[in-house]
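Below: the structure, in structure tokens.
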Amino acid sequence: MIRTLLRLTSARVALVLLAIIAVVAVLGPVLAPYDPLKGGAQTLAGPSAKHWLGTDYIGRDVLSRILAGAPLSIVSTLEVAGIALALGTIPGILSVYLGSVFEWLSLRVVDTFIALPFLVFAVAMTALLGNGITQAMIVVGMLLAPVFYRVSRAATMSVARSQYVEAAAIAGASTTWIVRSHVWSKVLPSIAVTLANTLGIGLVVISSLTFLGIGIQPPTPTWGGILASDLGYLAQKPYAPVFPTLLILAAVLACNLLADAIRDAAGETGRALTGAKTARSNRTRRLAASADPSRS
Amino acid sequence: MSAPPSALTAPPAARRGVVAHRIGRAVASTARLLAIFVPVFLLGTFLTYLLGHLSGRSPAYLQLGDAASPQAVAAIEHKWGLDRPFLVQYGDWLGSVLHGDLGTSWYNGLSVAHALGQRAAITLSAAGVALVLGIVFGFLLGALAAHFHTRWPDRAITTFTTVISVLPPFIVGIGLAAVFAVGLQILPAAGYVPIQAGLGPWLSHLILPAIALSFDTAADVARQLRNGLVSAYRGNYVTGAIVRGLGPRRIFFVHVLRNGIAPALAVLGLKFPNLLGGAVIIEAIFGLSGYGVYASQAAVRGDVPAVQGVLVVSVVLVVVFNLLVNIVLNRVTPDADRGV
């Protein structure tokens with residue numbers, strides 16, 4: 001599947017964008033030309049040779065702040081997605097196998113999380129738990145977990161009813177073995193698609209929270225926090241929000257492109273992962289069909 | 001909308017049967033929805049209450065500061081009934097919530113229900129205008145895309161909806177404020193004017209936040225409606241209607257729209273929590289002091305009853321809105337009449 005994925009232009013674009021963002025996140029604080037917390041005499045200056053992206057309302061270098069804020073924004077997004085993945089996928093697969101009581105209970109919990117207004121709840125829970133970045137990540141991860149639950153449950157149910165799984169069960173295979181060798185490979189592509197989407201959503205949610213000053217308070221630089229301080233000085237510097245916005249949008253776009261590319265590469269059945277020759281030829285045919293716009 | 005021919009031509013007794021059947025259907029589907037939402041409401045409130053309890057926040061620290069003596073803290077906690085067992089507190093709180101009493105704020109001792117009532121107009125106008133914009137533009141774009149299915153307007157609309165659906169509301173909000181309020185200076189950047197002051201000023205303060213909120217809803221409604229209409233046009237009854245010589249407008253409104261609208265309406269019910277949630281951040285951008293700002297301020301202060309009040313009200317709003325969507329779905333779609 002990975003080789004098919006790399007053949008898609010959209011996947012390549014997405015991976016290049018994500019690689020750039022990863023480099024920025026890892027090397028950002030080192031590359032920052034100035035101290036992101038130290039103000040200067042020049043306030044709200046426009047872009048110049050000295051300050052590439054200008055300075056903010058107390059003279060801090062904007063480029064340095066964006067670079068220094070990258071690790072917090074990116075790493076917390078990754079952790080949010082990881083928490084959501086673990087909290088959603090495992091109960092999702094287990095709900096098919098662990099009997100009706102667990103199934104009913106977990107479905108009600110998931111319904112509840114989906115019906116709740118997401119941001120209101122995230123803001124309230126984070127602040128009540130002590131308003132720190134760890135709390136924010138746990139809360140957002142928990143609130144995003146239902147998507148993984150539903151996706152993995154749906155994929156597991158479609159496998160669990162298939163004939164080859166029945167055959168394996170009749171042949172005496174244990175549930176653990178079936179989950180590991182049949183269910184897992186089928187669930188994986190859907191999970192990968194959801195994970196890529198969740199990374200995009202997670203970044204937006206984390207930026208929204210930091211924009212509100214929840215999770216991380218100023219002056220610690222984050223992309224959301226930079227946007228919030230730019231908002232107060234729109235009249236003097238109306239183009240200031242463009243830089244953090246472009247970074248956030250590029251990251252979200254890359255995640256969405258990657259999700260679509262994985263969906264295309266894996267196919268709806270998820271067979272591509274098995275690497276069978278027929279599956280590969282089916283996939284090529286499908287890709288050719290989707291590349292032909294007259295048939296869409 | 002005309003009633004199905006069977007109800008018009010059938011003898012009175014059979015017709016009464018049809019009516020009773022329809023009422024039964026509506027009651028049954030409402031009951032099914034309640035069966036989902038009553039546990040959701042209980043679980044949601046229980047979680048919020050548990051969270052407030054686990055947070056270890058107490059009105060004592062809000063009123064006395066961190067240096068309070070243990071006796072003073074215990075006295076205040078006793079006054080608020082916080083020294084009782086957790087489940088007793090929750091039951092007590094739930095009972096008063098059902099009577100419409102959301103308790104009093106730890107921060108200023110004012111009634112939470114009263115504070116929320118004052119702010120309801122702001123949040124509900126912003127979310128309401130956003131909802132109207134989302135429905136109008138979603139339906140227009142979706143119907144246009146379905147009408148020009150596979151031709152260039154369809155592709156243009158599909159691309160457009162894909163792009164706007166990935167734009168986060170707070171980025172759209174900042175962009176709109178920068179362009180229309182600060183750059184062109186044709187609309188106010190912040191604040192709220194009650195509707196009593198005139199429709200024009202009211203709408204001019206709300207239109208930017210509402211547009212920022214509506215993008216996501218409009219995009220999803222348009223996509224669902226397009227797919228619903230395209231598959232409804234493939235139905236045999238549409239071919240039948242064309243053969244019977246009905247005009248395209250009649251076919252669209254009576255046959256296709258009523259059958260193809262269901263997914264779009266359903267997604268509207270799902271999008272409503274997002275509208276309320278998005279309001280938190282949009283209100284902060286546009287300086288509207290609605291539920292969202294109240295919730296985030298209360299949350300940062302550790303004012304647990306106020307936060308719980310906002311959560312309860314938003315869960316109730318979501319439930320009510322979904323019930324309304326369900327009723328409309330039952331009225332509009334012909335499948336519901338047939339009891340499918």
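Protein chains get the first letters and strands the later ones, always in sequence-line order, with residue 1 at the start of each. Everything numeric here is computed off the predicted structure, so don't read it as measured data.
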Proximity breakdown for A/Val109 and chain B, heavy-atom pairs closer than 4.5 Å: both
B/Phe160 CZ: over 12 foreign heavy atoms closer than 6.0 Å: no
A/Phe211 versus B/Ile174, closest heavy-atom pair with distance: CE1-CD1, 3.9 Å
Heavy-atom pair count under 4.5 Å with chain A, highest-scoring of B/Val307, B/Val179, B/Val163, B/Ile285: B/Ile285
Per-residue contact mode, B/Ala177 against chain A (heavy atom under 4.5 angstrom): both
Contact class of A/Val252 relative to chain B, heavy atoms under 4.5 angstrom: side chain
Option that, when pairs with chain A are counted at under 4.5 Å, heavy atom only, ranks first among B/Val318, B/Leu276, B/Ile281: B/Ile281
Top contributor to chain A contacts, counting heavy-atom pairs under 4.5 Å, from B/Pro168, B/Gly292, B/Ala298: B/Pro168
Test side chain to side chain contact (heavy atoms under 4.5 Å, CB included) applied to B/Tyr291 and A/Val120, step by step: CA-CA 9 Å; B/Tyr291 283 7; A/Val120 184; over 6 Å; no
Steps toward side chain to side chain contact (heavy atoms under 4.5 Å, CB included) verdict (B/Ser314, A/Phe121): CA-CA 10 Å; B/Ser314 42; A/Phe121 215 74; over 6 Å; no
Atom group of A/Ile248 that falls short of 4.5 Å from chain B, counting heavy atoms: side chain
Max heavy-atom pair count under 4.5 Å with chain B, selected residue of A/Leu249, A/Ile201, A/Leu107: A/Leu249
Crowding at OH, B/Tyr233 (>12 non-hydrogen neighbours, <6.0 Å): yes
Side chain, backbone, both or neither of B/Leu43 within contact of chain A (heavy atoms, under 4.5 Å): both
